[in-house]
Structure formats: structure tokens, C-alpha cells
Visitor: 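Got a structure for you, questions after.
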Amino acid sequence: MSSPVRIGIIGLGRVFKRYALVLDPLVRAGRAEVVSVYDPVAQMRAEAIELFPEAAQATGPEAVIADPSIDAILILTSMNEHGALTSSAYQSGKHVLVEKPMATSLAEATELVRLSQSSGHLLVCAPHVLLSPTYREMHRRLQAGEIGDVKLARALYGWSGPWWGEWFYQPGGGALFDLGVYNVTSLCGFLGSVKRVTALVGTAIKERPVNGKPMPVTADDNAHVLLDFGNEVYGSVTTGFTIQKYGRAPAIELYGLEGSMDMLGDDWAPRGFEMWRSSVGHWEVFEEQAPDWPWTDGLNHLVSCIERGVPSVTRPEQAFHVLEVMLAAIQSSAEGRAIDITSTFPAPDYSHEEEFVMDEHRKHDTSL
Ligand SMILES: NC(=O)c1ccc[n+]([C@@H]2O[C@H](COP(=O)([O-])OP(=O)(O)OC[C@H]3O[C@@H](n4cnc5c(N)ncnc54)[C@H](O)[C@@H]3O)[C@@H](O)[C@H]2O)c1
């Protein structure tokens, strides 16, 4: 068996607890070891050590980054810290997993892509939506031409918004970076690079209670974004901290010239999908095969890619592109015009992954 991947963690808030659920079985299986952890809040460090008693409490993020015994670093801090921490972790020769977005400015993200292209280390960027079995199966069927060329697509994700973390509602936070990022990543994974963006992005709720106290909101919380993928292929993303609930609206709708495909649930927690093929003439429903798929699966992926010496399914260039699209949406809304997008990214590469084919036996015709 190969030696465990030695991990350092920077940022031990709510999301760390979710990554811990994936990390714990990796540690138990001898595939990972938590070497050191850091958060400026002592209580967060103490809670992390309770979960991983073998880990050391570092004195600062630099101490985690400089530790030569660490192979990979998880950056799970608030968003404005991602770019600089990822850059220094990467430059000290570590593999890095960074929560979304990879950075909050294009200048920082440009540097991360440049570093990743000149290094043999992995940079796995959240969100990890392209790894879900449901996404992979839909992607496979789309590539196989089962619904023909897609011309229209819609995506939706929102909720009423966090009540913790002031940074969510300050510049560098906002609903697009926190929520829209999932939908933009999903649509780009299916349809490729965006060429042009038009959007309405605003702050609908000017003051919110956070950690029990009212605070002014200075980041976006409400957005409709139109994406032009070129060749008359159009997508839209509806997102916001302004959505209490939605019913059975699909997370992702793909409209092809020979059929349609809907991802049910949310793209970070799919609940199967349904497909209409004009040649078949009825809806086929594919029940979720991995209801416990964790949206933190990027960590399993990181460890597995390190063990096998293979590249990750999604590349940093896609995270960069998604950031450019989200910043362009904000600019488009402010200036009342369409914004051209210049970056592109390589298509997701599933060739190093075990083939996943959704069990056809559980498919049933509901003739909707
Ligand atoms: N909360 C969610 O539902 C959710 C889901 C998916 C992804 N995310 C992403 O995960 C990240 C963290 O979100 P969260 O909800 O855990 O936020 P949080 O506020 O609960 O935790 C962030 C932690 O980072 C720490 N931190 C800030 N600066 C730091 C630094 N320089 N070094 C080390 N630690 C530092 C803070 O003290 C805090 O404990 C964000 O990028 C967010 O977008 C959040």
C-alpha cells in the first residue's frame, strides 16, 4: 500500500466539518493523515483536534504551508483569503484543494493558473459538482448525442442565506461567488466556454442578521445571469440569498434538438435525472444511484489522483473561467451591457476515472 497522503488544513469553520466526514474514512483506511491544522479562532482549532487528535495545532497558516512533511493542503477559509493562501501553498510545493471560488480577483486567479501550469502538483478547485455520479452520467449521455445538440440550458440554486460569516455579505462574498458558482461550473462542464455574459445582479436585502447582529449588506444577493456559449447556445443561471425554497424545479435543464435532460435536486446534491428523447417518445427517469454522494468529494478525488499520479477531472482553468464569468456578470449589471469573456478551459477529462454507468435496471418509464 502507498504511504498516506499527509494533509494540512487552513480554515476550520463550518465547511471543515463537512470535509472531516470524508477525511475520517480516508484516515481510517490509512490513505490520509492529518498533520496540522490552523484557524485564527482557538475554539475552531480545539474542535478540529478533537476530530483528528493526531494533528498539531499550527501557529499560523505559514506554519502549515512551510511544513516540509505535508503533501497536500486544504484551503477552507472565507473567500477573500483563498487566492493568497493557495498561491503560497502551491509555491511551497504542495498539492492544494481550495474551496470556491479559487480567488476573488482575476489577478490572483491568473497567478494560480500560471503556477498550476508550471508545476506537477494538483490544484483541485471547488465546487466539485462535475464529480457526482449523476453529473457524470448526464455528461456521458450528452457527449454520446442522446439529446442532440443543446441550444438552451437553465440552472437554479438559491436559499435564504447564511446567518454566520459576515464575509458572505461583504465585497469578495455574495451569492454569485457562494451559490451561482455551482450552476456556472455545471453549465460550463456540459456546454464548454462562455463567450459573452449579460446579467442583473443586485443587493435585494440591504441589512441582515449575522451571528445575531444586524449588518449592512455590501455584496450581491440576487442574480439572473445570461450566458452566451456561441453558435446560438444560450444558458441562464438564477441564484440568490433571496430564495426561501423551490419545489420540484430541476437544478439543471438541458434542451437539445433531439431531446431534453433535467438534473433533479441541486447540482451539489443531485437526486437523479430525467430524459426525454424524441425518438423514444416518453420520459425516462433515472433514480439517484448515489444519494449519499458528498459535495466534498473533491477531497477523495485529490487523494486518489495523488495516489495514482493522474490529473484531476476539472482543471484550474475551468475555475478561472467560472470566476471570469461571475465577475463579468457583476460588471454587466453595473454597466448595463454585455461583457465578452476571453478565457477558455479544457473539457473535463474523465479518462482516468473508473467508468460510471447508471444502472439501467432502475430506470423506469413514467410516461409523464
Ligand atoms: N457553508 C457552506 O454551506 C459552504 C458550502 C460549500 C462551500 N463553502 C465554502 O467554504 C469556505 C468556508 O465557508 P464556511 O461556511 O466554512 O465559513 P466559516 O466562516 O464558517 O469558516 C471560515 C473559517 O476560516 C477561518 N479563517 C479566516 N481567515 C483565515 C486565515 N487567514 N487562515 C486560517 N483560517 C482563516 C475563520 O476563522 C473561519 O473559522 C468558503 O469559501 C465557502 O464559500 C461553504
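Counting convention: from 1, in listed order, for ligands and their atoms alike.
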Visitor: What short N/O contacts, under 3.5 Å, does ligand 1 make with the protein, listed by atom pair and distance?
Guide:
unit_1	atom_1	unit_2	atom_2	d
ligand 1	15 (O)	Trp164	NE1	3.1
ligand 1	16 (O)	Arg14	N	3.1
ligand 1	16 (O)	Val15	N	2.8
ligand 1	19 (O)	Trp167	NE1	3.0
ligand 1	20 (O)	Arg14	N	3.1
ligand 1	37 (O)	Asp39	OD1	2.7
ligand 1	37 (O)	Asp39	OD2	3.4
ligand 1	39 (O)	Asp39	OD1	3.4
ligand 1	39 (O)	Asp39	OD2	2.6
ligand 1	41 (O)	Thr77	O	3.3
ligand 1	41 (O)	His82	NE2	3.1
ligand 1	41 (O)	Lys100	O	3.1
ligand 1	43 (O)	Lys100	O	3.3
ligand 1	43 (O)	Lys100	NZ	3.0
ligand 1	43 (O)	Asp178	OD1	3.3

Visitor: Here's a test for you: under side-chain contact (heavy atoms from CB on, under 4.5 Å), which of Leu74, Asp39, Leu51 qualifies with Phe16?
Guide: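 The single option meeting the side-chain contact (heavy atoms from CB on, under 4.5 Å) with Phe16 is Leu51.
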Visitor: Consider only side-chain N and O atoms of Ser278 and Glu258, and report whether a donor and an acceptor are under 3.5 Å apart.
Guide: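 No, because no side-chain N or O of Ser278 sits under 3.5 Å from a partner of the opposite role on Glu258.
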Visitor: Of all residues at least two apart in sequence or in a different chain, which pass the side-chain hydrogen bond (donor to acceptor under 3.5 Å, both in side chains) check with Ser92?
Guide: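 Partners of Ser92 under the side-chain hydrogen bond (donor to acceptor under 3.5 Å, both in side chains) test: none.
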Visitor: Test: salt bridge (charged side-chain N to carboxylate O under 4.0 Å, His left out). Region: residues 91-105. Which pairs qualify, not counting sequence neighbours?
Guide: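 For residues 91-105, and leaving out neighbouring residues, the salt bridge (charged side-chain N to carboxylate O under 4.0 Å, His left out) pairs sorted by first residue read Lys100-Asp178.
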Visitor: Scan for side-chain hydrogen bond (donor to acceptor under 3.5 Å, both in side chains) pairs involving residues 158-172, sequence neighbours excluded, and state none if there are none.
Guide: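 Passing the test, one end in residues 158-172: Glu166-Asn211.
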Visitor: Checking Gln91 against Ser88: is there a side-chain donor and acceptor pair closer than 3.5 Å?
Guide: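 No.
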